[in-house]
Number of protein chains: 2
Amino acid sequence: MTVTIKDVAKKAGVSPSTVSRVLSGHPRISLETSRKVKGIMEEMGYTPNMMAKSLVSKTTNSICIILPKPAEELFSNLFFMELIRGIVTQSSRSGYDVLISSGANEREELEAVSRLLKGRRVDGVILLYSRKDDAVIDFLEAGGYPFVLIGRSDRYEDILSVDNDNIKAAFDATNHLIAMGHERIGFVSGPPNLIVSRDRLEGYRMAMESNGLEMRPEWIVEGEFLQDSGYRAMSFFMNLPNRPTALVAVDDMVSFGVLRGLNELKYKVPEDLAIVSFNNIPLSELSSPPISSIDIGIYHLGYTASQVLIQTIQKPDNHDGYTNRFVIPHRLIVRESSMYAPGKK
Amino acid sequence: MTVTIKDVAKKAGVSPSTVSRVLSGHPRISLETSRKVKGIMEEMGYTPNMMAKSLVSKTTNSICIILPKPAEELFSNLFFMELIRGIVTQSSRSGYDVLISSGANEREELEAVSRLLKGRRVDGVILLYSRKDDAVIDFLEAGGYPFVLIGRSDRYEDILSVDNDNIKAAFDATNHLIAMGHERIGFVSGPPNLIVSRDRLEGYRMAMESNGLEMRPEWIVEGEFLQDSGYRAMSFFMNLPNRPTALVAVDDMVSFGVLRGLNELKYKVPEDLAIVSFNNIPLSELSSPPISSIDIGIYHLGYTASQVLIQTIQKPDNHDGYTNRFVIPHRLIVRESSMYAPGKK
DNA sequence: CCTCCTAATGGAACCGTTTGCTTTACAAAG
DNA sequence: CTTTGTAAAGCAAACGGTTCCATTAGGAGG
């Protein structure tokens with residue numbers, strides 16, 4: 001049925017080991033034999049059986065991405081698609097296949113990771129989130145499995161991770177609004193157990209403080225990375241007696257919610273409220289008005305994560321113990337949503 | 001190091017075959033033995049090696065998705081992510097892993113598919129596009145590999161595919177505009193080599209004809225699934241002496257281009273031009289005004305494709321030869337962009 | 001009490017590769 | 001002419017499971 005290494009060997013009049021060696025470019029194979037065998041492989045349409053290969057080599061040439069459960073909802077968030085694109089592109093260049101998996105909850109995720117890694121189906125894992133405490137990370141560390149985190153982990157300092165400098169990014173975003181003349185600036189944060197939320201909030205704080213601006217507790221609201229949170233935050237802010245003239249939102253999707261709400265209430269952006277948010281998903285420039293956003297290089301995050309992971313898989317000993325956090329540069333893209341200098345109060 | 005079936009067997013004082021049978025729920029294993037072995041597996045942290053299993057069973061319990069190169073574009077991103085979400089969710093429910101692969105061109109795609117399928121790394125494939133002639137499809141058919149097409153293929157009538165009834169969808173969209181009182185309706189199509197473009201155009205034609213409405217050739221323009229096409233189509237239409245009062249666009253992205261253009265020229269939507277388009281991507285409801293769109297159930301397309309594929313893998317003979325085209329229902333979402341009844345001429 | 005059936009388990013071959021250890025053949029060296 | 005070295009290729013044992021074909025031990029039936 002299928003043509004195996006033995007069939008090729010028989011037809012070529014050599015032993016299976018020789019064929020195998022031809023395949024892997026073993027040095028001690030005569031050019032003549034090599035050519036003949038290759039010809040026959042071509043002729044018979046031979047393709048090596050990856051399963052058999054993996055079984056003996058204990059290596060699968062594939063990695064896996066774990067999508068967190070919230071990704072189900074956030075999935076529409078283009079963020080993940082960009083990441084996946086970066087990962088798949090780089091992995092494919094390195095000759096690795098990418099498996100994508102998700103679980104309904106942490107237990108299911110752990111189960112999946114365990115099954116894939118212990119079952120020798122993948123060589124390593126990319127985690128697309130960073131929660132505070134994570135059983136999956138514990139498992140990976142304990143088992144000594146290669147893995148890379150996209151995002152930062154404060155609990156585990158020695159973990160390989162690819163991330164942005166979110167503190168600096170939020171600092172830049174806030175400073176931009178301040179430079180435009182805003183003094184009352186609100187902040188819409190994400191879930192407090194995500195480190196990215198905390199980092200961005202921290203950057204906002206630093207910018208406000210270093211400019212001697214007042215920070216009212218009611219100007220900071222918590223939400224999700226979803227439109228809805230923006231919508232709610234907006235209506236909360238706009239009803240405040242001393243409402244902000246600008247806001248920083250933790251994610252572009254939140255901005256969309258804000259925008260929709262303001263639109264319904266006939267407010268103008270950026271005149272009534274200026275907005276800057278994060279991630280610069282492709283939609284940011286399509287909304288009306290286009291949203292100023294911090295481009296965090298999502299594709300690049302994925303690309304780098306794959307690179308780092310595969311390197312680790314191939315040379316686990318090459319790790320110098322110092323450079324385990326890779327920081328992808330961000331940059332502020334100014335668009336209409338923040339192009340307005342308010343009259344000083 | 002790793003715990004194998006033999007280790008478990010030894011510790012349990014049984015043979016490897018017995019352990020294997022416990023694992024697969026073989027009927028002729030005593031309850032007592034089963035319990036004991038399961039206990040030991042748990043205790044030793046045993047996880048079956050998928051590679052070894054696959055090697056003998058000739059089955060991998062995984063499928064693969066081929067991302068076409070154009071997936072790099074924005075429209076595709078939203079679309080594909082939804083699709084992937086549907087596929088991954090359903091596959092995971094059926095106990096299948098999903099591998100995601102892409103190629104820079106058709107040759108690379110073919111190479112990947114061939115390597116994965118012949119190399120026994122996956123059991124089947126989902127193709128996320130439908131070009132007119134396709135070497136990958138030829139390969140899959142010739143090899144008798146299980147695969148499902150998302151989209152329709154006119155050349156291969158007997159291929160398993162999951163699709164919408166795009167003709168009917170376009171018919172509905174156009175009829176909606178007609179019902180609102182429009183008589184001069186334009187159509188912005190997509191690339192003519194995509195079947196979806198042709199089907200939607202056909203539906204538009206049918207609706208116009210069945211209502212006895214005039215169809216001017218200059219009211220039909222060809223473009224891509226991109227904003228730009230909408231922008232250009234808009235300026236073409238608006239300069240016509242007898243311009244349309246409404247238009248049907250083949251994709252939401254096209255509508256955005258139209259919207260932007262109309263906005264620049266200070267035209268009002270839907271008063272000066274009403275719009276309906278296809279796909280109902282999340283942004284459709286965020287634009288101003290929100291766009292009426294045909295929801296084609298993208299997630300559902302993916303979900304069903306996975307279902308059909310896995311069913312085919314598991315029971316290849318179960319195919320009745322008739323139902324090889326699965327049609328996902330669409331529905332029109334009416335929003336502001338078409339909520340206006342023009343004065344009759 | 002012997003035979004036969006059946007439930008429960010063991011033995012061993014096999015899935016398609018890789019790889020350490022030999023073997024072979026020949027040329028150079030002694 | 002024997003020894004030694006080396007390049008090229010073959011043998012066979014893994015890798016971790018599955019499964020067909022025994023084998024064993026009771027219990028039922030005669």
Sugar-phosphate means primed atoms, P, OP1 and OP2; the rest is base. With that split, encode nucleotides 15-23 of chain C 5' to 3' as B, S or - using protein heavy atoms under 4.0 Å. BBBBBB---
Hey, is the main chain of Lys38(A) close enough, under 3.5 Å, to the side chain of Glu42(A) for a donor-acceptor pair? no
Checking side-chain polar atoms at under 3.5 Å, does Ser62(A) have a donor or acceptor matched by the opposite partner on Arg121(B)? yes
Say you draw a straight line from CG of Asn105(B) to CG of Leu110(B); how long is it, rounded to the nearest 0.5 Å? 10.0 Å
The reported gap from CG in Asn61(B) to CD in Gln314(B) (rounded to nearest 0.5 angstrom) is 7.5 Å
For the side chain to side chain contact (heavy atoms under 4.5 Å, CB included) test, which of Asp123(B), Thr60(B), Val122(B), Val88(B) pairs with Tyr96(B)? Asp123(B)
With a 4.0 Å cut-off, would you call Lys36(A) and Glu32(A) a salt bridge? no
Closest approach of Thr312(B) and Pro146(B), non-hydrogen atoms and distance? CG2-CB, 4.4 Å
Does dA8(C) have its OP1 or OP2 closer than 4.0 Å to a side-chain nitrogen or oxygen of Arg28(B)? no
By the 4.0 Å heavy-atom rule, please label Gly119(B) as base, sugar-phosphate, or nothing. nothing
Along DNA chain D, first and last positions that approach a heavy atom of chain A under 4.0 Å: dA7(D) to dG16(D)
With a 4.0 Å cut-off on N to O distance, would you call Arg115(B) and Asp97(A) a salt bridge? yes
